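Please read the structure below before turning to the comments.
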Amino acid sequence: MIDLHLHSTFSDGTCTPEEVAALAADAGLSAAVLTDHDTWGGWPRFAAAARARGLRTATGMEISADVPGRTVHMLAYGFDPDAPALAAAAEKLREGRRVRNASILAKLARLGCPVSAADVAREAGSPDLVARPHIANALVRRGFARDRADAFRRFLERGAPAYEDRVRLDPEEAVRLVRAAGGAAVLAHPFSARFGRAELRAFVARLAAAGLAGLEVHYTGHLPAQVEELSGLAREFGLVAAGGSDFHGANKPNVRVGVAYGGLKVPDEAFDALLARASSGAG
Ligand code: AMP
Ligand code: FE
Ligand code: FE
Ligand code: ZN
């Protein structure tokens with residue numbers, strides 16, 4: 001078993017890279033990849049801890065992308081961590097978050113729910129990347145929301161009064177950047193963008209033409225029929241059937257490393273199949 005989708009304190013997870021590696025080893029996994037949002041800052045620590053426990057790993061990141069009206073996440077694996085264009089794109093995404101976060105805090109202040117940048121920074125493990133869950137946690141701590149879900153509903157989700165969009169990459173551009181960095185790109189949780197069936201197929205076809213390596217077929221909450229549909233698409237377009245739990249620690253309660261709610265089982269072959277599509281050799 002493997003897990004190719006894990007978050008740490010370097011983005012919006014609540015476990016350190018070392019803690020995530022320990023959980024992966026304890027789950028009996030053979031390979032695990034840290035895929036923080038828009039950063040691979042946790043990679044040196046995760047790689048050292050994972051390898052010390054006999055786990056195989058590779059560089060990883062979950063890239064924020066979008067198409068008109070829809071958010072799309074692209075996973076990157078096995079890229080060269082020194083590739084300048086990918087690093088510049090990730091920095092642009094993090095800068096977009098900083099601009100977006102400031103705007104959200106300004107809106108919250110106008111709504112009579114002031115939380116400071118320092119409040120929010122205290123909720124984040126890494127000052128480099130502050131995400132909405134950190135702002136939600138700060139709202140809860142200040143007493144402006146009952147819990148994180150309440151904070152999203154009342155203030156932070158798309159359409160809510162303090163919502164603000166942020167800079168994202170075009171998904172095909174993301175695929176090309178990952179490939180240019182010697183990595184393999186995978187479309188994350190393909191159902192989360194809520195494309196219709198035909199739309200999803202057309203989108204996957206477009207990404208496959210740009211060099212997509214895989215689809216996140218195995219994912220927390222995917223029903224057997226959904227796994228079947230995605231497996232069919234992967235076969236049709238010659239893509240790797242990848243997968244992972246999207247573990248976020250306490251920010252996604254009940255989702256466990258390797259097994260999600262207990263039923264997730266990502267086949268070992270996916271790790272080598274993805275690395276075979278990556279050209280950097282940075283496995
Ligand atoms: P950001 O990347 O800063 O825009 O924040 C997005 C993250 O917020 C996602 O990765 C989710 O973990 C979390 N999130 C998004 N919508 C909700 C929601 N309605 N309730 C709880 N968490 C959410
Ligand atoms: Fe997240
Ligand atoms: Fe995601
Ligand atoms: Zn994720």
Side-chain angles (χ1 to χ4, degrees), residues 2-8 10-13 20 31-40 42-43 58-67 69-79 86 89-90 93 97 129 131-133 158 166 168-179 181 183-195 199-208 210-223 226-227 229-231 233-234 237 239-248 251-252 255 257-258 260 264 266-267 270-271 273-275 277-278:
I2 61 176
D3 195 330
L4 306 179
H5 193 159
L6 299 161
H7 294 269
S8 76
F10 276 79
S11 64
D12 55 356
V20 178
V33 180
L34 189 67
T35 53
D36 276 311
H37 296 287
D38 305 329
T39 180
W40 58 90
W43 155 251
T59 49
M61 165 168 64
E62 183 171 18
I63 300 171
S64 305
D66 64 4
V67 295
R70 296 173 204 272
T71 292
V72 173
H73 289 173
M74 303 298 305
L75 292 159
Y77 296 108
F79 53 83
L86 189 60
L93 291 169
R97 286 174 175 276
L129 194 134
R132 276 181 293 161
R158 199 184 275 262
R166 59 183 167 86
R168 297 170 206 270
L169 291 186
D170 170 78
E172 286 166 278
E173 170 72 2
V175 170
R176 284 190 284 268
L177 277 165
V178 171
R179 272 171 60 98
V186 168
L187 175 61
H189 37 69
F191 293 119
S192 70
R194 297 172 193 279
F195 289 112
E199 262 182 314
L200 177 60
R201 185 176 172 282
F203 183 58
V204 170
R206 203 148 62 77
L207 294 182
L212 186 74
L215 284 184
E216 197 170 43
V217 169
H218 307 279
Y219 184 75
T220 300
H222 276 181
L223 303 169
Q226 294 181 304
V227 171
E229 180 183 342
L230 294 176
S231 300
L233 282 176
F237 293 100
L239 302 171
V240 176
S245 65
D246 209 359
F247 175 77
H248 279 70
N251 279 343
K252 269 195 189 169
V255 173
V257 174
L264 185 73
V266 186
F271 182 70
L274 279 177
L275 288 189
R277 303 274 182 119

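Everything numeric in this text was worked out from a predicted model, so none of it was measured.
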Smallest separation among heavy atoms of [X] and [Y], with atom names:
X   : Y    : result
I2  : P267 : CD1-O, 3.3 Å
V67 : F203 : CG1-CE1, 3.8 Å
G78 : L275 : CA-CD2, 4.2 Å

Notebook entry, point to check: Mind checking what makes ring-ring contact (aromatic ring centres under 6.0 Å, His included) contact with F191, not counting sequence neighbours?
Noted result: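 Listed in chain order: H222.
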First locate atom [atom1] of [X], then atom [atom2] of [Y], and finally report the distance between them rounded to the nearest 0.5 Å.
X    : Y    : atom1 : atom2 : answer
S231 : H218 : OG    : NE2   : 5.5 Å
L274 : Y77  : CG    : OH    : 7.0 Å
T59  : F79  : OG1   : CZ    : 4.0 Å
D36  : D12  : CG    : CG    : 7.5 Å
H73  : E216 : NE2   : CD    : 11.0 Å
T71  : H189 : OG1   : NE2   : 9.5 Å

Dump the intermediate steps for side-chain contact (heavy atoms from CB on, under 4.5 Å) on E229 and L200, then the final yes or no.
CA-CA 11 Å; E229 180 183 342; L200 177 60; 4.1 Å; yes
side-chain contact (heavy atoms from CB on, under 4.5 Å) between M61 and T35: does it pass, once the steps are laid out? CA-CA 4 Å; M61 165 168 64; T35 53; 5.9 Å; no
For T39, enumerate each residue passing the side chain to side chain donor-acceptor pair (under 3.5 Å) test, keeping only those at least two apart in sequence or located in another chain.
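Expected list: none.
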Decide yes or no on side-chain contact (heavy atoms from CB on, under 4.5 Å) for V33 and L75, but give the supporting numbers first.
CA-CA 10 Å; V33 180; L75 292 159; over 6 Å; no
Next on the checklist: Would the distance check show the side chain of S8 and the main-chain N or O of G13 forming a donor-acceptor pair, the cut-off being under 3.5 Å?
Outcome noted: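 No: the side chain of S8 does not pair with the backbone of G13.
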### Test item: side-chain donor near acceptor, S64 and D38, under 3.5 Å
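S64 vs D38: donor-acceptor pair found between side chains.
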### Message
If you count every heavy atom of other residues, nucleotides or ligands that lies below 6.0 Å from R97 atom CZ, does the total exceed 12?
### Response
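Counting neighbours around CZ of R97, more than 12 heavy atoms of other residues, nucleotides or ligands fall under 6.0 Å, so yes.
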*Report the relative orientation of the aromatic rings in H5 and Y219; use parallel for angles under 30°, tilted for 30 to 60°, perpendicular for over 60°.*
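Judged by the thresholds at 30° and 60°, the geometry between H5 and Y219 is tilted.
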- Message: Using the side-chain contact (heavy atoms from CB on, under 4.5 Å) definition, which of the options L239, L215, L212, V72 pairs with L207?
- Response: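 Among the candidates, only L212 passes.
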Could you tell me which residues satisfy side-chain contact (heavy atoms from CB on, under 4.5 Å) with R194, sequence neighbours excluded, listed by chain and number?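 If we apply the side-chain contact (heavy atoms from CB on, under 4.5 Å) test to R194, skipping adjacent residues, the hits are R70.
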| said: I'd like to know whether L34 forms a side-chain contact (heavy atoms from CB on, under 4.5 Å) with F10, so could you lay out the CA-CA distance, the side-chain angles of the two residues, the decisive distance to 0.1 Å, and finally the verdict. | reply: CA-CA 10 Å; L34 189 67; F10 276 79; 5.6 Å; no
Inset, instruction - Evaluate the side-chain proximity of L169 to L93: yes if any heavy-atom separation is below 4.5 Å, no if none is. - result: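 Touching, per the 4.5 Å side-chain cut-off.
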